[in-house]
Amino acid sequence: MNKSIILLSAIMVAGCSLSNDDQNPIKSLTSNAFKDTSPVRQYETVSFDSQLVAEWQDPYASNDVAVDLQIVTPSNKTLKLPGYYVEGDSNTLSSWKFKLAPKEIGSYTVSVILTDDGKITGESPASNFSVEPSDANGFIESNDNWTFKYSNGELFRGIGENFGWEARDTDDSRYFKELHEQKRFNYDQVLKKLNEQGANIIRTWMIYWNLPVDWKTVKNASRYSDDAQRFNRSGIERMDDLVSLATQYDIKIILSMDSHAGFDSNGWALNSYNQENGGPAASVEDFFVNPKAKQRYKDKLRFLVAKWSHSPSIAAWEFFNEIDNAMYHGEEQHIADEIITEWHTEMSAYLKSIDPHQHLITTSISHRGVKGLFDIKHIDLNQSHLYKVTDRIPEIINKFVKHHNKPYFAGEFSAEWDWSKNFDDFKELMISDFKRGLWYGIFSPTPIMPLSWWWEYFDENGTTNYFNNVKKINELMLTGGNGYIREQSLNNPNVSLKTLAVTNGKNIFAYVYNATDIQQKFTLTGHQSVAKPSAIYDCESGQYIDINNGTYLTIEAGQDLIYIFDL
């Protein structure tokens, strides 16, 4: 369709780049970054505003109208950042915004590009700004199977939990309904508390009761409102809050952008992609193959990138929570593996192409494998959920890493998955399992320690204070070594004990756990440096213990210790 462009005179705005051509539909590009009095610092967010004229049916549909910021970096890389619509009507002056957190220092050149019906119809004159160094760490990036790294090279390993959603109006737990509905389970209070307890990462959901950015209809969450707009304004507002809180409390976010719960019978009935609700997809399977549904989803990704990719607090975009549970009814499969793998291949490549900040990408399965899913090029981080198998966590992690040759983490774990059971009947097991999972993770090739589920239960029982115990050893491994962590082979002939060991090039760390009900003696061999430790850490107390009492190779019933040896 040929589109008419209403021509407007260039608008004079302080600190802006203006079009010199009245035929150019892009009328201005403004930012404080263009002013010498407002220095831009590396990794900090800088905003740009543009006013332009274009015709559209839907300003959020990129095949109708797309506004991008073209960026030429100091190293001469050319990047594109999607913009998001702010206000204005078709064929009148409209406002658009961009948010960038520059990674490089030096001089940048930026311009706005307008694409109309797939054709470039306007480009603003180039504007320049400079970026100064900062002390910030930057973004979480790939490193190896054991660690991530920040943009500045500092190593990172995640310690935290699932905080899947804020308290719902009505919870479906059989025994803990009252606990789960307590209003204290909100991002404001929980992120602050987790920071104090030593955590640095959470995993959370976008769903019709939590952060419902892509849901017109919400349910069971009175903090949100139904919204006929393309993106739910109450969900956007709370997502803005979450990013701000995560920055304040230095908590990284794994953002699960969809869940199988939005595609079961109840969720699909509310889903904005459902034809019954005016969407393009006739069924859940059709969602994954219908070109219009896929285009709509890409526009969702554009919006998320435009709004929040500037934040280093986003550790990873996660396409789906437990995609296999959307593929099966019980044990009967109704969506083929290749459909799901092809969808993830297409969407991950697209997401990588539009995110100039290059956040990590993941997706998750519950317990059923999906052929090809964990070998997709642009899936940076594989993830499955491990319930009732905590003792096997090191084995499972090593299996996934070896088989797929990329980082893996347990996105959920616990001694029990069944919310119809009373966890108090086996409270000691639940709490012990929580602790073991963290230590098994830190001694295994994973950049994120296994993330526990049941955040309300563990908070109520004071269990999450334990993150600080793990944090001490995590920091020592990361900052006290030679910039890496690797498995260390050691021998312990006492098969009653669980023994795991790693090295960071400066020390060997040996984890020994006595799950029996009697005291145990043992020896460690396999390296010349393990004759006597330089320190012994009591995992339960979070304190170092005396190594001069002559009994350092004795471990009490139920005790777990970390032996640290100097190389």
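Since the model is a prediction, treat every value here as computed from it, not as a measurement.
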Engineer: Hey, are Thr109 and Asn128 close enough side-chain-wise for a donor-acceptor pair under 3.5 Å?
Structural biologist: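 Looking only at side-chain atoms, Thr109 and Asn128 do form a donor-acceptor pair, the distance falling under 3.5 Å.
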Engineer: Check salt bridge (Lys or Arg N to Asp or Glu O under 4.0 Å) between Glu318 and all other residues, then give those that pass, not counting sequence neighbours.
Structural biologist: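 Residues passing salt bridge (Lys or Arg N to Asp or Glu O under 4.0 Å) with Glu318: Arg203.
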Engineer: Partners of Lys193 by side chain to side chain donor-acceptor pair (under 3.5 Å), sequence neighbours excluded?
Structural biologist: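 Checked Lys193 against side chain to side chain donor-acceptor pair (under 3.5 Å); matches are Asp459.
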Engineer: For Asn195, which residues count as a side chain to side chain donor-acceptor pair (under 3.5 Å) partner, sequence neighbours excluded?
Structural biologist: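 Side chain to side chain donor-acceptor pair (under 3.5 Å) list for Asn195, sorted by chain: empty.
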Engineer: Is the NZ or CZ atom of Lys307 positioned over Tyr84's six-membered ring, under 6.0 angstrom from the centre and within 45° of the axis?
Structural biologist: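 Judged by the rule (NZ or CZ under 6.0 Å from the ring centre, within 45° of its axis), Lys307 counts as positioned above Tyr84.
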Engineer: Mind checking what makes ring-ring contact (aromatic ring centres under 6.0 Å, His included) contact with Phe374, not counting sequence neighbours?
Structural biologist: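 So Phe374 forms a ring-ring contact (aromatic ring centres under 6.0 Å, His included) with Phe400, His404.
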Engineer: Got a salt bridge between Arg238 and Asp188, using NZ or NE/NH1/NH2 to carboxylate O under 4.0 Å?
Structural biologist: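 A salt bridge links Arg238 with Asp188.
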Engineer: Salt bridge (Lys or Arg N to Asp or Glu O under 4.0 Å) with Glu196: which residues, sequence neighbours excluded?
Structural biologist: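 Checked Glu196 against salt bridge (Lys or Arg N to Asp or Glu O under 4.0 Å); matches are Lys192.
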Engineer: Indicate whether the side chain of Ser384 and that of Tyr408 have a donor and an acceptor atom separated by less than 3.5 Å.
Structural biologist: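 Yes, side-chain donor-acceptor contact under 3.5 Å.
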Engineer: What pair of heavy atoms forms the shortest contact from Gln295 to Ser62, and how long is it?
Structural biologist: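 It is NE2-OG, 3.2 Å.
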Engineer: Name all pairs fulfilling the side-chain hydrogen bond (donor to acceptor under 3.5 Å, both in side chains) condition that reach into residues 347-360, sequence neighbours left out, sorted by first residue then second.
Structural biologist: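 Listed once each, the pairs are Ser309-His357, Trp317-Asp355, Lys352-Asp380.
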Engineer: Mind checking ring-ring contact (aromatic ring centres under 6.0 Å, His included) for Trp146 and listing every partner two or more places apart, or none if nothing turns up?
Structural biologist: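 Trp146 satisfies ring-ring contact (aromatic ring centres under 6.0 Å, His included) with no other residue.
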Engineer: With sequence neighbours excluded, what pairs up with Lys149 under the salt bridge (Lys or Arg N to Asp or Glu O under 4.0 Å) test?
Structural biologist: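 Salt bridge (Lys or Arg N to Asp or Glu O under 4.0 Å) list for Lys149, sorted by chain: empty.
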Engineer: Can Asp68 and Lys80 be counted as an ion pair, charged N to O under 4.0 angstrom?
Structural biologist: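 The answer is no: the pair does not qualify as a salt bridge.
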Engineer: Just jot down the side chain to side chain donor-acceptor pair (under 3.5 Å) partners of Asn382, sequence neighbours excluded, or say none.
Structural biologist: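 None.
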Engineer: Considering residues at least two apart in sequence or located in another chain, which fulfil the side chain to side chain donor-acceptor pair (under 3.5 Å) criterion with Arg41?
Structural biologist: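 Side chain to side chain donor-acceptor pair (under 3.5 Å) list for Arg41, sorted by chain: empty.
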Engineer: Which residues pass the salt bridge (Lys or Arg N to Asp or Glu O under 4.0 Å) test with Lys406, sequence neighbours left out?
Structural biologist: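 With neighbours one apart ignored, the set is empty.
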Engineer: Under the ring-ring contact (aromatic ring centres under 6.0 Å, His included) test, which residues partner Phe129, sequence neighbours left out?
Structural biologist: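 Here the qualifying residues are Phe48, Tyr108.
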